Each structure stands twice: as structure tokens, then as C-alpha cells.
Number of protein chains: 2
Amino acid sequence: MTTLSEVANHAGVTPATVSNVLRNRGRVSNETRQRVLDAIDALGYRPNLNARALAEGRGPTLALMVSSIANPFYPEFALAAERAARAHGSFMLLCNTNDDTATAHAYLNQLAGSLSQGVLVMNGNLDFDVLRQSRCPVVLCMWEKPHESPGIPCIAVDFYLAGQLAAQHLLALGHQAIGIVVGNGKGGIHTSRLRGFTDAMAAAGVEFAPELIETVPDTVQGGYDGGQTLLQRHPQLTAIFATNDLPAIGVMHAATDLGLRIPADLSVMGITDIQMAQESRPALSTVAVPTQEAAELAVSLLRTLVGQEPRAAHGPHQMLVTSEPVLVPRASTAAPRAASTRSD
Amino acid sequence: MTTLSEVANHAGVTPATVSNVLRNRGRVSNETRQRVLDAIDALGYRPNLNARALAEGRGPTLALMVSSIANPFYPEFALAAERAARAHGSFMLLCNTNDDTATAHAYLNQLAGSLSQGVLVMNGNLDFDVLRQSRCPVVLCMWEKPHESPGIPCIAVDFYLAGQLAAQHLLALGHQAIGIVVGNGKGGIHTSRLRGFTDAMAAAGVEFAPELIETVPDTVQGGYDGGQTLLQRHPQLTAIFATNDLPAIGVMHAATDLGLRIPADLSVMGITDIQMAQESRPALSTVAVPTQEAAELAVSLLRTLVGQEPRAAHGPHQMLVTSEPVLVPRASTAAPRAASTRSD
DNA sequence: TTGCCTTGATTAAGCGCTTAATCAACATCC
DNA sequence: GGATGTTGATTAAGCGCTTAATCAAGGCAA
């Protein structure tokens, strides 16, 4: 592994000069610069990023902590976040907590402040106090907007509105008998989606029975189980809303297995608009959330917090809200069989 | 940020001693050790991993390079790989190349040898020469076994056998009119699966028309398009085999959209057994590949290459083969309508 | 010619940690 | 009672890079 000084020798200058041409600082004559550049690729030199990090007091990496990269939502976010980080020359360290608080804290303890300059957190189930006491900046991603700020810099999405949009879509189609499958994300992650939905129902004067709500794990299987329970207990349902796409897809499977046709016999919708939503059959109606924008905002905010980006970019806010979710009607929703579609 | 020396002061010893207790090396009396330990958590000290990396000449991170973490197969591999790395105290750096060779090379150049000690590569479409010249060890993951070794340490899976198993399953059910959708992974990544399949067909004496092969992108959409083309052009098909689960799922969608019932009218199968395969409806018959094992082997091999694990663990081999793929019959395959099931 | 500014490079200290070499103090052995 | 070991700690060099401070050498004005 060639070092900076070897390059310096080869070019007949001092290490400081090489460093200067590398970083475009200080004064270097064009002639010298060229000699250094030549030496660099003659020797195939690459800077040692650890040494640089040590000297600069900060490394080139950010971290993203998710509960499990196997949950299809995270990769989409991770991809965008990584791209954003790379655009600024940072690498992205991936951390799977497997929904284990201890693991998460271990990561936070080990990474924070040395390996990674800052961390993006997508785990609802973390102790906020721990995050606040992190030794390096933390940005909480995909916070649910109407909740009060957790006292941690965060990127929020208006999930309350998302819930409302979902309800309005179903109501507009003429559904009245609607079941709900809500993800049991720790920290009540899905409560605002639920409130948005039920509030919109109430506003439309539609009666709402609490036994029509099933709380399940935020997975396809969870949605499957919840959907099955709901459909068996309440055959009159004409639509089911899930607070997330994954369980919504599970609901579709459950309905199919029970011999129901979607959307003829049952309308199903979710929230998020993950890739799978448009790839499922029937394609899932959902409320799209600006994942990519959230990821970019998150990286940007984190960068200002670690002092790499001028603060002015966002002002002093600790909570950045993305643009609004938008309804994406697809094939999984339609007017209930015996009802007329109310135009909105 | 407290440093090692501060801890040393606090405990009334020299930095060397603190380092010794931290790493359980050298001789330290129990009494001193305790004093240091107390100082450490009194001050909330955490080692600076960059400094450590610099001093030791090697950092605690490995890297995983995939073409896009949004492809559902990769997360499953990534999860296992990360877990394996963590089990040995290493962090995992995630790199998305977006199928761009230049990006991949940029990563390789920047990471290799400084930030990451070694890299796991899952990209078929990389110049092997570049990999060979990497300044740090590289392990190529999920190589296709029957191919000759690429001259790079690699983990191979017997995809030829996987193709055979798929064919045998379909043949055993009584299918004769079978279409094939093959992923166009660069570097002919799917050719051995295809060969395994066609060889098995030939061995069973089943005629095979080359126009029954559609080459498509390795995605749901690709499978959808390929399936549609195949089914429209050859309505007599009773089964379609895709070289990967993702396109297989696309094929199912295409069939459904054309009004075919699965498996009554058409059997579909894939290879890999990703999570989605068992979560799709109908559940996808497939040939399961030992992803987790491959990931663990890969990390382990990489660790021996970077010298962190005794070489003896694997001997001098440069190509490690996982245990064999296994058939996972599910709901998407059945005997063709007008045929009797041949018992095997 | 003297003094001052600019340019282009060097010097040297330091980032936080590791580790081989060294040392002091004490116990052991014949 | 000196030679020999052991134990438990210290010293000091060094990892590869950054950067403020310093310096030599011209150029230019008065």
C-alpha cells in the first residue's frame, strides 16, 4: 500500500505538498502539481481514509439503522439515502437491528462519533433518550407528522393525511363497511395513520365499530392473519384498509384464499406505495409517501448537523416535513357491488 | 469525546495500560484493571475506531457490493452477511452500484484497502480483471458452480443442479409443453440454470424448441413481459420456468391477466426461494438456494483472506461450494389438466 | 539599496491508538 | 547473597494524514 510520503519522494516534494494537491488547498505551482499527479498514478496511490479521518477528526461515513433490511420498505429508503450520501462523498454504513433494542444501542455506541459521523434512524422502537444522548448527531426518519416532535431532529411525513386520503378514497367509492388492519409498530408508529382514517370516516358520518380493527405485525403474514380474522368475523365488509402496504398485500392474499375477488368482492388499500404495491396482482391502491424525498432530506439534515453543510440550507428547524402523501388508486379498489359510486 | 489518555489520567496509569485492559493483552493487575474499568465508564469512554484502525493497520469494516439493494434477493443475502460479519465484530458497508460498472469501480478504488478490509461482490457485471487487481481481498458471491472459476475467490452455488431440479419437477408432474423465461444478467449469469433445465429435459427425451425461450430483465416486470409474449405466442404451454423467482412472479401475473388459473391452466416455477416466493399467491414453487449459508461462507472466506481467521478453516480453496439447492414445491405447480401425473 | 509583499514550498506538531522494548521491584533458587 | 525470573507497569516510536506556522526567494515600490 503506497503512502503519501512515498508519493512525495517520487515527486521530489514533501508530504505536505502532496496533501495540498490532493485537497486543492494551499499554494502549489502548476508544474509541481503535475509532477505530484504523475507520481500518484505512477504509484497507484490511494489515500488511507482512516488516517485522513483521524487527522481531520471526522470520517467519510454516515450510518443508516433499520430494523431489518429484509423489510421491502427499507431498501427503497436505503437506496435513496445512500445515493444522497454518495453525492456528497460519504459512504453509508448499514445497520440491521433486527428489532432488537440492545443491538441498536450497541450500534449507536460503537459507531457514533468514530466510525460514523452521524446516523439515520428508522427504528420506531428505540428509546428516544438514548438517541438524544448519542455522541453524534442523529436524524429520525419517517416520523409521523401530527405527533409532537420527539425532541430529536427528524424528517416527518404527514401520515395523518395519508390515513385521511385512504378513507376518502374508500368513502368516495361508496364503501361503508370497512375493516382496518393496523401495524403494531412499537411506539404506536401507525396510530396517526389510523386516526387520520377514522377521523375522515367520522367526518363523513360513517359509523365505526372498534371490533373492525385488527392489530397485527407489520408484515405480509400479519396482514394475512388480520385479514382472515376480519373477513371471517365480518363477512359484510366491502373494504379493508391496512396502515401499510405489506399487510395490505397480506389482506389481499387472505381474501383470495377465502374465495373473494378483488376488487369485486372486497376493496383493499394500503399506505406507502412500495415497489411491491404496483407489482402485486391486482395492483394495490395505496397512498404514496415521498420516500425518496424523505431520504434526501434526512441526509441533508444530517449533514448540516455534523457541520458539513451550511446550516442555512434548512434554517434552525429540528423537524422537516416532506411534501404531502398522494393517493394512488389502482386495481385493488372499486365501488362495492351493490352500491352506486358517489362522485366526489 | 474522551480519549484514551484522559481515561489513563483519571485512573492514574499510562495510556498503554488502558489499551492493555481494553484489549486484554499484556499484564495488568486486577486492582489496576478495575480502576481503569471504573474510569472508562465514569468518563463514558469509547475508543476511536479510526485511530485504532490506523494503528492496527486494519479497520473493523467489510463491504458488500450489490447492484441494487432494492432487488429483493439482495437484502436477504445482505442481512445474513451482515449478521455474520457482526458476529466477528465487523461492520458492513453497503454499496449500491445501480448496475453501473463505473460506480462499482469507484467503490472498489475508494474502499479497498483503507475503509474496508475486504469486499463481498454480488455483481455479475464487473470486469473480473478489476476485481483481481483490487488492493484488498475480494470474494465473489453466488457464482454459478459449473462454470470454471473466475480466478477470484468465490462462493458458488450449483445452479446447474437447480435448473435440473426444476425441470425434473415439471417433468414429473407430466408437463411437456414448457416455456422458459431467462434473466439477462450480464456475464450470462443465468446460463447454467438454463443449461441444467434443458439438459434435464433432453435427458427425459422431451423435445425442446428454442423459440420457447424468452430472455428478459431479471425483474417482476421482465417476467411479466416475457410471460405474456410466451403465452400469447404459444397458447399450448402448460408450464413456464423462470430462472429466477422475481420474473417467475411476473409470469404468474401475466398469466392471471390473460385469464389463466395457476396452477390449473399453467404451472410456474422459479429459482432461489426468496421471501416473496412463499408470500405470493399462489405460493411459488421454486428451487431453494442456500442464501444464508452462502453469505456465511462468503464472510468467513473473506475473513480468512484478510487474515483474520486462520486459513485452515477452509484450506487453500479459492472456490467454496454451498450445499445443494433443494426443490420447494408449492401451489404454483400441478399436473397439467389433461395429463396424468407420472409418479417419479 | 532597503523594506515589504507574494508565491511556493517545507517543517513539525498532532490526531488517538497500539505495541515492542524497557524498566523497577520483588520473589526464587542454589 | 548475587544471579535469575516474574510481575506489572512505563516509555516511546509509529500508523498515514492534515495543517498552522515558518521560511526562502523573487518581484516591486520608494
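Chain A is the first sequence line, chain B the second, and so forth, proteins listed ahead of strands; every chain is numbered from 1. Please read all numbers here as calculations on a predicted model, not as lab measurements. Below, all heavy atoms of this structure are taken into account, side chains as well, without hydrogens, waters or symmetry copies.
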Check the interface with nucleotides 6-8 of chain D: list each N/O to N/O pair with the protein under 3.5 Å, or write none.
none

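Partners of S134(B) under the side chain to side chain donor-acceptor pair (under 3.5 Å) rule, at least two apart in sequence or in another chain, do not exist in this structure. Looking at residues two or more places apart in sequence or on another chain, you find a side chain to side chain contact (heavy atoms under 4.5 Å, CB included) between D100(B) and A102(B), T103(B).
Using a 4.5 Å heavy-atom threshold, the side chains of Y107(A) and L93(A) count as separate. Side-chain contact check for S300(A) versus E296(A): every heavy-atom pair is 4.5 Å or farther apart.
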Quick one, give me the B/S/- string for nucleotides 13-20 of chain D, reading 5' to 3', where B means a protein heavy atom under 4.0 Å from the base and S means that only happens at the primed atoms, P, OP1 or OP2. -BBBBBB-
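Sorted by first then second residue, the salt bridge (Lys or Arg N to Asp or Glu O under 4.0 Å) pairs that include residues 71-88 of chain A, not counting sequence neighbours, number zero. Sorted by first and then second residue, the pairs that involve residues 35-52 of chain B and meet salt bridge (Lys or Arg N to Asp or Glu O under 4.0 Å), not counting sequence neighbours, are E31(B)-R35(B).
Looking at S323(B) and E293(B), their side chains do bring a donor and an acceptor atom within 3.5 Å of each other.
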